[in-house]
**Q** 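Quick one: structure below, then a few questions.
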Amino acid sequence: MRFPVDLHTHTIASDHAYSTIEECIHRASVNKLIMFATTDHGPALSDAPHLWHFHNLRVIPRVVDNVCVLRGVEANIMSEGGLDLEEQSLKRLDIVLAGFHPCTPPKDLVKNTELMLGVIKSGLVDVISHPGAPNYPIDYEAVLECAKQEGVAMEINSSSDVNTRLGSHENCVKVAALCKKIGTTISLGTDAHVSFFMGNFAESEKVLAEAGVSDEQIINTSAQKVLRFLEGRGHAPITEMHEFLGS
Ligand SMILES: [Zn+2]
Ligand SMILES: [Zn+2]
């Protein structure tokens, strides 16, 4: 399997998503994923879970049915700068995604870029989610250069232009092509809002092919590669996953 890791998924903890964590784990196993990250929306989005959802993710077992479950969040980049969770909450998690959502009304390109650069430089974010969103124009070159310097990954989102954010495709190709030129790490996520979509990277694969990106630059080619990336960003090694993976 080319990409056995899905780093962006939602559960019913976000009301506009439809699967429980158990259904996600089951589907991940059926779809032959070795690892996925559960990344519900940060509390600032209107139908997102309460902060305690993120604090209590530790009750989810590390490995279930031969699937590694990363405890994560898709935080919101806020209008006033920064994210909608404090550092001490983010530090408890295995992976932090961040992106623009409706709780932050779109600004102009200069302001959107400034907000995004701020969170990339904060050191608190591992992956920028759906940077190709047409509603939130950003200076791709400035963002990707900064992400490269800070070791932050840019996401090529497999729901964009398929389930949501219509009109993303061309932007995503631009982002992927610039990631290739600049050497920015790429993360893939299906952004599944129902378990059946987990591991469906069809749109991402189209984007990557058009941009001519090689798999070397993409962390989702193995669970071990994802763990190395996260540990390189300062997250504690997850012993149970290393034991399961034999790494
Ligand atoms: Zn999102
Ligand atoms: Zn999402």
**Q** Ion pair present between Lys111 and Glu114, side-chain N to carboxylate O less than 4.0 angstrom?
**A** yes
**Q** Between Gln217 (side chain only) and Cys179 (backbone N and O only), is there a donor and an acceptor less than 3.5 Å apart?
**A** yes
**Q** Inspect the contact between Arg58 and Asp94 and indicate whether a charged nitrogen and a carboxylate oxygen are less than 4.0 angstrom apart.
**A** no
**Q** So, Lys180 side chain and Val175 main chain: donor-acceptor pair closer than 3.5 Å or not?
**A** no
**Q** Determine yes or no for a side-chain-to-main-chain donor-acceptor pair under 3.5 angstrom, with Asn76 supplying the side chain and Phe100 the backbone.
**A** no
**Q** Thr11 and Asp40: side-chain donor and acceptor closer than 3.5 Å?
**A** yes
**Q** Between Glu74 and His8, does any side-chain donor sit less than 3.5 Å from a side-chain acceptor?
**A** yes
**Q** Between His235 (side chain only) and Leu93 (backbone N and O only), is there a donor and an acceptor less than 3.5 Å apart?
**A** yes
**Q** Is it true that Lys181 and Glu141 have a side-chain N and a carboxylate O under 4.0 angstrom from each other?
**A** yes
**Q** Give a yes or no answer on whether the side chain of Glu203 reaches the backbone of Ser159 with a donor-acceptor pair at less than 3.5 Å.
**A** no
**Q** Using a 3.5 Å distance criterion without hydrogens, assess whether the side chain of Asn31 forms a donor-acceptor pair with backbone atoms of Met198.
**A** yes
**Q** Any donor-acceptor pair under 3.5 Å linking the side-chain atoms of His55 with those of Gln88?
**A** no
**Q** Is the side chain of Ser222 donor-acceptor paired with the backbone N or O of Lys225 at a distance under 3.5 Å, no angle test?
**A** yes
**Q** Do Leu208 and Leu188 touch side chain to side chain, with heavy atoms closer than 4.5 Å?
**A** yes
**Q** Determine whether a donor-acceptor pair (N or O, by modelled atom type, separation under 3.5 Å) exists between the side chain of Thr113 and the backbone of Asp139.
**A** yes
**Q** Could you give the distance from CG (Asn135) to CG (Asn112), rounded to the nearest 0.5 Å?
**A** 10.0 Å
**Q** If you measure only the distance, is there a donor-acceptor pair under 3.5 Å linking the side chains of Thr221 and Asp215?
**A** no
**Q** Does Cys146 offer a backbone N or O that forms a donor-acceptor pair with the side chain of Gln149 under 3.5 Å?
**A** no
**Q** Hey, does the side chain of Thr184 reach the backbone of Leu144 with a donor-acceptor pair shorter than 3.5 angstrom?
**A** yes
**Q** Using the ring of each side chain (for Trp, its six-membered ring), is His193 parallel, tilted or perpendicular to His41, with breaks at 30° and 60°?
**A** tilted
